[in-house]
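The structure appears below as structure tokens.
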Amino acid sequence: MDTPLSTIAVVGLGTMGTGIAEVLARAGREVIGIDTSDAAARRAVASLEASTARAVRRGRITEQERTDALARFRTFRDLRAVAEAELVIEVVPESYEIKQQVFRELDAVVSPTAILATGTNALSVTRLAAESRYPERVLGLHFFNPAPAMKLVEVVSSVLTAPPAVESVTRLARELGKEPVAVGDRPGFVADGLLFGYLNQAAAMYEANYASREDIDAAMKLGCGLPMGPLALLDLIGIDTARTVLEAMYAASHDRLHAPAPVLGQLGQAGLTGRKAGRGFYTYEAPGSGTVVPDAQTPPEGAGAAAGRTVRSVGVAGSGTMASGIAEVFAKAGYDVVLAARSQEKADTAKGRIATSLERSVTKGRLTSGARDETLARITAADSLDALAGVDLAVEAVAEDLEVKRQLFAVLDKVCRPGAVLATTTSSLPVVAIARATARPEDVIGMHFFNPAPAMKLVEVVRTVLTADEVHATVREVCAKVRKHPVDCGDRAGFIVNALLFPYLNNAIKMVGEHYATLDDIDAAMKLGGGYPMGPFELLDVVGLDVSLAIEKVLHSEFRDPGLAPAPLLEHLVAAGCLGRKTGRGFREYARR
């Protein structure tokens, strides 16, 4: 099987098959395209003509290179045309019956030394290989859409796959300019195995009316730096396709997190399968369009909103990175800010941290020296919560400990004037439990900023069952004035971002604990295949493994889902004191500063 793979067949010329054919043809391979539909074949040829013409216009290839690439792509209806191929990649619909029929027919056509690859992202490669006359030559070759642009290729081995076949396609992937990762045979492999569980939870969150589709998508884009929100991504993938993948994953794992959310089945049965149908979670201008248009669920502009309270001054309780970042945000927006810490030294240190941050902005040309001086002049550093007596909004940013926060709010209740809004920045604790430490729980709300607060645009606005409408309106108005994007969510563990992010991180840890894939391959798969700015293990080491474990425990305790139980490997690392970058070792080791 150690062949050069110079002639390659692609069976199925839909969007993915056409993209793979383009990648191969432009890389100098002879490509045999097979589709029973003449229209699909014509679309594939037209797509290659159009994409190579764009490449010529942009100076990426010459006209001669375009002519040569087009000449290397031939299309046929009859599967017998693949007889000369050294590698066949099938990209037909996700059905065992259809794919197994293709493999049976290929056995009768191609050379015994030819490699047969399935492009499935949901079905068992082992099961498909078992139907082949030569199962040792069958493997998975999972490209990502759009194939010409996406760098990741998952090379999937079954227990039957011969190592030389894996080596040949891995070498091919690298020659195509792709990043191959080696994975075993389980539904979803690495990237989709992590991605679809997250998408499923987002669909369930929406179905439970916990948050609007717009707020769920905005939270994950702004809070995690993702290119698309989960519900918009489900519409792009196809809701029917997503449900098929999840069904396969659940059949293998029996993990409730993979059991498709009922809304996916309901939308699919109604024909509302996403962009391709013109409607899914969102409504689109036309079938196939990516332009979202307003529909019955689109929130009206400012309709029905309560009037908020006037906020001229803001108090921030705390002296850590988050407290100083929040104080900087409010001061930059023109608010008078009182930064209260347990001692004058701590308060002055926090203000000094703000001065350093502002100076960096001046150096980078983002802020004038005059604006820096005005911002610092608005901040008063104080050594007691008594200094917050006159503020209109008090924001707590102390340790993530319920008793510590309750004690602080009991003091704020006595110190702050009547009508002042009291906000907690907790990311995981019940806001109502903090509110009940006061005699005015209607004035208490969650304002979950993300770190670093000056840079991150998202604020999760968490109202309890006791929060007054005008308090909620006040915080949303303040968010707009400080140029943050507020998303509304109820008072339950994890809110939006952490409730969706940390189960995904936990599942990545379980993959490593089960020796399914390496840290590096999982990080590469999620960055290259999922568009994540950081791989899960990079992110865990930055966040801190102790912080991550605490959030996982809160989620598991609240939702009681076995699938949310913290991965044993995470618990072991925390017990060993390996907490990530801050200790020099977490999932990886770091140079001590």
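For the single chain, residues carry numbers from 1 onward in sequence order. Just so it is clear, the structure is predicted and the values come from calculations on it, not from any experiment.
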Practice task
List the steps, then state whether side-chain contact (heavy atoms from CB on, under 4.5 Å) holds for Thr474 with Leu393.
Solution key: CA-CA 9 Å; Thr474 300; Leu393 167 65; over 6 Å; no

Exercise for the section: Apply the test salt bridge (charged side-chain N to carboxylate O under 4.0 Å, His left out) to residues Asp383 and Arg342: give CA-CA distance (whole Å), side-chain angles for both, the deciding distance (0.1 Å), then the verdict. Expected result: CA-CA 5 Å; Asp383 63 355; Arg342 287 178 294 177; over 6 Å; no

Handout entry: Reported CG-to-CE distance for the pair Leu236 and Met228, which is rounded to 0.5 angstrom
Key = 5.0 Å

Handout entry: Sidechain-backbone polar pair: Arg440 side chain, Asp413 backbone, donor-acceptor under 3.5 Å
Key = yes

Handout entry: Within-4.5 Å side-chain heavy-atom neighbours: Gln266 and Glu207
Key = yes

Practice task
Taking the side chain as every heavy atom from C-beta outward, state whether Leu579 and Leu573 have any atom pair closer than 4.5 Å.
Solution key: no

Practice task
Check step by step if side-chain contact (heavy atoms from CB on, under 4.5 Å) holds for Val245 and Asn121.
Solution key: CA-CA 7 Å; Val245 174; Asn121 67 339; 3.8 Å; yes

Practice task
Flag this pair as yes if the NZ/CZ of Arg492 is under 6.0 angstrom from the six-membered ring centre of Tyr210 and inside a 45 degree cone about the axis; otherwise no.
Solution key: yes

Exercise for the section: Answer with yes or no whether the side chains of Thr283 and Asp295 bring together a donor and an acceptor at under 3.5 Å. Expected result: yes

Problem - Chi angles and distances behind the salt bridge (charged side-chain N to carboxylate O under 4.0 Å, His left out) call for Asp523, Arg588 - result: CA-CA 12 Å; Asp523 275 355; Arg588 294 184 174 89; 2.9 Å; yes

Handout entry: Any donor-acceptor pair under 3.5 Å from Lys332 side chain to Ala371 backbone
Key = no

Completion exercise
Taking every heavy atom of Ile379 against every heavy atom of Lys351, the minimum-distance pair comes out as O-NZ, 2.8 Å

Practice task
Determine whether the side chains of Glu400 and Ser428 contain a donor N or O and an acceptor N or O closer than 3.5 Å.
Solution key: yes

Practice task
Check whether any side-chain heavy atom of Cys416 sits under 4.5 Å from a side-chain heavy atom of Leu422, and report yes or no.
Solution key: yes

Exercise for the section: Tell me yes or no: between the side chains of Arg213 and Thr298, is some donor less than 3.5 Å from an acceptor? Expected result: yes

Handout entry: Test log, rule side-chain contact (heavy atoms from CB on, under 4.5 Å), inputs Val497 and Phe450
Key = CA-CA 10 Å; Val497 174; Phe450 286 73; 3.7 Å; yes

Problem - Residue Glu345 excluded, over 12 heavy atoms near CD under 6.0 Å - result: no

Exercise for the section: Verify, without hydrogens or angle tests, whether Glu558 (side chain) and Ala493 (backbone) share a donor-acceptor contact under 3.5 angstrom. Expected result: yes

Handout entry: Stepwise side chain to side chain donor-acceptor pair (under 3.5 Å) check, Thr375 with Glu328
Key = CA-CA 8 Å; Thr375 298; Glu328 178 180 335; over 6 Å; no

Exercise for the section: May I ask you to decide whether Asp235 forms a salt bridge with Lys276, counting only side-chain N to carboxylate O separations under 4.0 Å? Expected result: no

Problem - Exam field: side chain Ser384 to backbone Ala387, donor-acceptor pair closer than 3.5 Å - result: no

Completion exercise
Taking every heavy atom of Leu385 against every heavy atom of Val415, the minimum-distance pair comes out as O-CG1, 3.2 Å

Practice task
Might you point out which heavy atoms bring Gly318 and Ala341 nearest each other, and give the distance in Å?
Solution key: O-CB, 4.4 Å

Problem - Non-hydrogen atoms of Ala277 and Gly271 that approach each other most closely - result: CB-O, 3.4 Å

Practice task
Kindly say whether Gly268 contributes a backbone atom to a donor-acceptor pair with the side chain of Asp240 at under 3.5 angstrom?
Solution key: no

Fill in the blank from the handout: Residues passing the ring pair (Phe, Tyr, Trp, His ring centres under 6.0 Å) test with Phe196, sequence neighbours excluded, are none

Exercise for the section: Determine, step by step, whether Ile445 and Val462 satisfy the side-chain contact (heavy atoms from CB on, under 4.5 Å) criterion, reporting the C-alpha distance in whole Å, the side-chain angles of both residues, the deciding distance to 0.1 Å, and the verdict. Expected result: CA-CA 6 Å; Ile445 194 167; Val462 187; 5.6 Å; no

Problem - Residue pair Leu246 / Pro187, side-chain heavy-atom distance below 4.5 Å - result: no

Exercise for the section: Please round to the nearest 0.5 Å and tell me the distance separating atom CG of Asn506 and atom NE2 of His556. Expected result: 9.5 Å

Handout entry: Neighbour count above 12 (heavy atom, 6.0 Å) for Arg378 CZ
Key = yes

Fill in the blank from the handout: Rounded to the nearest 0.5 Å, the NZ atom of Lys414 sits from the CZ atom of Phe409 at a distance of 13.5 Å

Practice task
Show your working on side chain to side chain donor-acceptor pair (under 3.5 Å) between Ser324 and Arg353 and close with a plain yes or no.
Solution key: CA-CA 7 Å; Ser324 57; Arg353 193 180 297 119; 3.2 Å; yes

Exercise for the section: Heavy atoms only: give me the nearest Ala211-Ile496 pair and the separation to one decimal. Expected result: CB-CD1, 3.7 Å

Completion exercise
Nearest heavy-atom approach of Asp392 to Arg312 is OD2-N, 2.7 Å

Exercise for the section: Output yes when a side-chain donor or acceptor of Asn200 lies under 3.5 Å from a complementary backbone atom of Ala259, and no otherwise. Expected result: yes

Handout entry: Any donor-acceptor N or O pair under 3.5 Å, side chains Tyr590, Asp541
Key = yes

Practice task
Please report the C-alpha distance between His448 and Asn498 in whole Å, then the side-chain angles of each, then the deciding distance to 0.1 Å, and finally whether the side chain to side chain donor-acceptor pair (under 3.5 Å) criterion is met.
Solution key: CA-CA 11 Å; His448 179 211; Asn498 285 347; 4.8 Å; no

Practice task
Give a yes or no answer on whether the side chain of Arg560 reaches the backbone of Ser557 with a donor-acceptor pair at less than 3.5 Å.
Solution key: yes

Problem - N/O donor-acceptor pair under 3.5 Å between Lys510 side chain and Pro568 backbone - result: no

Problem - Spacing of Leu555 atom CG and Phe502 atom CZ [to the nearest 0.5 Å] - result: 8.5 Å

Practice task
Would you mind reporting whether Val431 and Thr424 have side-chain heavy atoms less than 4.5 Å apart?
Solution key: yes

Handout entry: Side-chain H-bond candidate by donor/acceptor type, Thr464 with Thr467, under 3.5 Å
Key = yes

Practice task
Mind running salt bridge (charged side-chain N to carboxylate O under 4.0 Å, His left out) on Asp443 and Arg309 for me, showing each step along the way?
Solution key: CA-CA 11 Å; Asp443 288 340; Arg309 301 173 186 174; 2.9 Å; yes

Problem - Residue pair Val362 / Thr368, side-chain heavy-atom distance below 4.5 Å - result: no

Exercise for the section: Please answer whether the main-chain N or O of Ser313 pairs with a side-chain N or O of Asp336 as donor and acceptor at a distance below 3.5 Å. Expected result: no

Handout entry: Close side-chain approach of Arg406 to Leu402, heavy-atom, < 4.5 Å
Key = yes

Handout entry: Distance in Å, Asp401 CG paired with Gln407 CD, rounded so as to fall on 0.5 Å steps
Key = 8.5 Å

Practice task
Give me the ring orientation class for Tyr198 and Tyr504: parallel if the planes are under 30° apart, tilted from 30 to 60°, perpendicular past 60°.
Solution key: tilted

Exercise for the section: Measure the spacing between CG of Leu501 and CD of Gln201 and express it to the nearest 0.5 Å. Expected result: 10.5 Å

Practice task
Answer yes or no: is there an ion pair linking Lys481 with Glu477, defined by an N-O contact shorter than 4.0 Å?
Solution key: no

Problem - Test: Arg463 and Asp488 ion pair at under 4.0 Å - result: no

Handout entry: Pairwise side-chain contact, Tyr335 with Val482, heavy-atom cut-off 4.5 Å (strictly under)
Key = yes

